[in-house]
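Quick notes on the structure that follows.
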Amino acid sequence: MNVIELSGLRYRWRGQAKDTLAIAGLQVRQGEHLFIRGASGSGKTTLLNLLAGILVPATGGIAILGKDMRGMGGSARDRFRADHMGVIFQQFNLLPYLSVLENVQLPCQFSARRKQQAGDMQATANRLLDHLGLDGGLRQRPITDLSVGQQQRVAVARALIGSPELIIADEPTSALDTNTRDGFLDLLFQEAEAQGSTILFVSHDPYIANHFPRVVDLQELNQP
């Protein structure tokens, strides 16, 4: 089964003379780990926003888990994203007024499916954080008390809770040193494989590509 299927995709920001993205086709299989490499300004984040249903293409097809994203209304896309996608943002986007555990459990507050999949939410959040190596003494602390590397582990746990089928990562390793980055990728792969999630990871960092079994250059994929 293909988790992602793109065909004849075109997107242009309002006021631009040409398309930002023009992708003839892309398929990503269930359980696959795909790295999309692209320079700053090449359209990586635009592509992720299209896949997540935040943006809608002018033409072409986007199917996620067999569902036509263009055929859904905005609220339906929001519900679908909450149910089936875990997103790791470049700046993590953790909520400063929530504790570590509350941040991890947040997706289950917006998705009955992920809440059911998680079971005991606090126990599942703790298990993920244990696997990701976050000290138990930090779990009730505000997220602002954590280092960048610790916040990253929280962001990964939040994306993974409730076993979403698709994990989307938007350059989340940009602020990390080499050793921390390698450890983060190993943990991400381990957890995604344990729950059968597909990973789509975008970055400008060519070093990260060595960790992925499949690498696509956005400049070759995108032909506006």
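This is a predicted model, so every value here is computed, not measured.
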State yes or no: do Met69 and Leu166 share one hydrophobic cluster built from I, L, V, M, F, W and Y residues joined by side-chain heavy-atom distances below 4.5 Å, directly or via other members?
-> yes
Would you confirm whether Ser197, through its side chain, and Ile167, through its main-chain N or O, come within 3.5 Å as a donor-acceptor pair?
-> no
Euclidean distance, Asp19 CG relative to Arg10 CZ, rounded to 0.5 Å | 5.0 Å
Gln116 atom CD, over 12 foreign heavy atoms within 6.0 Å = no
Separation between CG of Asn103 and CG of Asn93, rounded to the nearest 0.5 Å = 10.5 Å
Are Gln219 and Ser42 close enough that some pair of their side-chain heavy atoms sits under 4.5 Å apart?
-> no
Is there a donor in the side chain of Glu191 and an acceptor in the side chain of His131, or the other way round, less than 3.5 Å apart?
-> yes
In Å, rounded to the nearest 0.5 Å, how long is the span from CD1 of Ile88 to CG of Leu160?
-> 6.5 Å
Grab the two heavy atoms, one from Pro96 and one from Thr144, that are nearest each other, plus how far apart they are.
-> CB-CG2, 3.8 Å
Single hit among Glu5, Met85, Met1 for side-chain contact (heavy atoms from CB on, under 4.5 Å) with Leu65 | Met1
Rounded to the nearest 0.5 Å, the NZ atom of Lys115 sits from the CD atom of Gln109 at a distance of 6.0 Å
Which atom names give the shortest non-hydrogen contact between Glu32 and Arg29, and what distance separates them?
-> OE1-N, 2.9 Å
Might you point out which heavy atoms bring Ala157 and Leu128 nearest each other, and give the distance in Å?
-> O-CD1, 3.6 Å
Hey, what else clusters with Val56 if you join Ile, Leu, Val, Met, Phe, Trp, Tyr whenever side-chain heavy atoms sit under 4.5 Å?
-> none
Identify, with sequence neighbours excluded, every residue that meets side chain to side chain donor-acceptor pair (under 3.5 Å) alongside Asp78.
-> Arg81
Using modelled atom types only, decide if a donor and an acceptor are shared between the side chain of Gln151 and the backbone of Leu146 within a distance under 3.5 Å.
-> yes
For the residue pair Trp13 and Tyr11, does the interplanar ring angle fall in the parallel (under 30°), tilted (30 to 60°) or perpendicular (over 60°) class?
-> perpendicular
Are Phe201 and Val3 connected in a single hydrophobic cluster, I mean Ile/Leu/Val/Met/Phe/Trp/Tyr linked by side-chain heavy atoms less than 4.5 Å apart?
-> no
Transitively linked via ILVMFWY side-chain contacts under 4.5 Å: Leu200 with Leu55?
-> yes
Sequence neighbours left out, what passes side chain to side chain donor-acceptor pair (under 3.5 Å) with Asp186? Give chain and number order.
-> none
Hydrophobic cluster partners of Phe110 (side-chain heavy atoms under 4.5 Å) | Leu95, Tyr97, Leu98, Leu106
Would you check, one step at a time, whether the test side chain to side chain contact (heavy atoms under 4.5 Å, CB included) holds for Gln90 with Thr45?
-> CA-CA 10 Å; Gln90 184 173 0; Thr45 299; 5.6 Å; no
Applying side chain to side chain donor-acceptor pair (under 3.5 Å), name anything that partners Arg127, two or more places apart in sequence or on another chain.
-> none
Side chain proximity check, Asp182 to His211, heavy atoms < 4.5 angstrom | yes
Ile4 CD1 to Ile168 CD1 distance, which is reported to the nearest 0.5 Å | 6.5 Å
Please tabulate, one pair per line, all N/O donor-acceptor pairs under 3.5 Å involving side-chain atoms of residues 132-139, not counting sequence neighbours.
from	atom 1	to	atom 2	distance (Å)
Asp135	OD1	Gly137	N	2.7
Arg139	NE	Leu134	O	3.4
Arg139	NH1	Asn126	OD1	2.7
Arg139	NH2	Asp130	OD1	2.7
Arg139	NH2	Leu134	O	2.6

Transitively linked via ILVMFWY side-chain contacts under 4.5 Å: Leu34 with Ile23?
-> yes
The residue among Ile62, Ile64, Leu221, Val28 that forms side-chain contact (heavy atoms from CB on, under 4.5 Å) with Leu6 is Ile62
Examine distances only and state if a side-chain atom of Asn222 and a backbone atom of Ala22 form a donor-acceptor pair shorter than 3.5 Å.
-> yes
Could you tell me whether Glu165 and Arg113 have a side-chain N and a carboxylate O separated by less than 4.0 Å?
-> yes
Kindly give the heavy-atom pair with the smallest separation between Leu218 and Gly38, and that separation in Å.
-> CB-CA, 4.4 Å
Ser203 vs Lys44 side-chain heavy atoms within contact, under 4.5 Å | no
Would you kindly confirm whether Phe92 and Ile143 end up in one hydrophobic cluster when ILVMFWY residues are joined by side chain heavy atoms under 4.5 Å apart?
-> yes
Say whether, by atom type as modelled, one donor and one acceptor occur between the side chain of Arg70 and the main chain of Gly60 under 3.5 angstrom.
-> yes
Nearest heavy-atom neighbours spanning Thr20 and Gly43 | CG2-CA, 4.4 Å
Heavy atoms only: give me the nearest Ala192-Ile199 pair and the separation to one decimal.
-> CB-CD1, 3.6 Å
Value rounded to 0.5 Å, distance of CD in Gln105 from CZ in Arg114 = 12.5 Å
Could you label the plane-to-plane angle of the His33 and Phe189 rings as parallel, tilted or perpendicular, counting under 30° as parallel and over 60° as perpendicular?
-> parallel
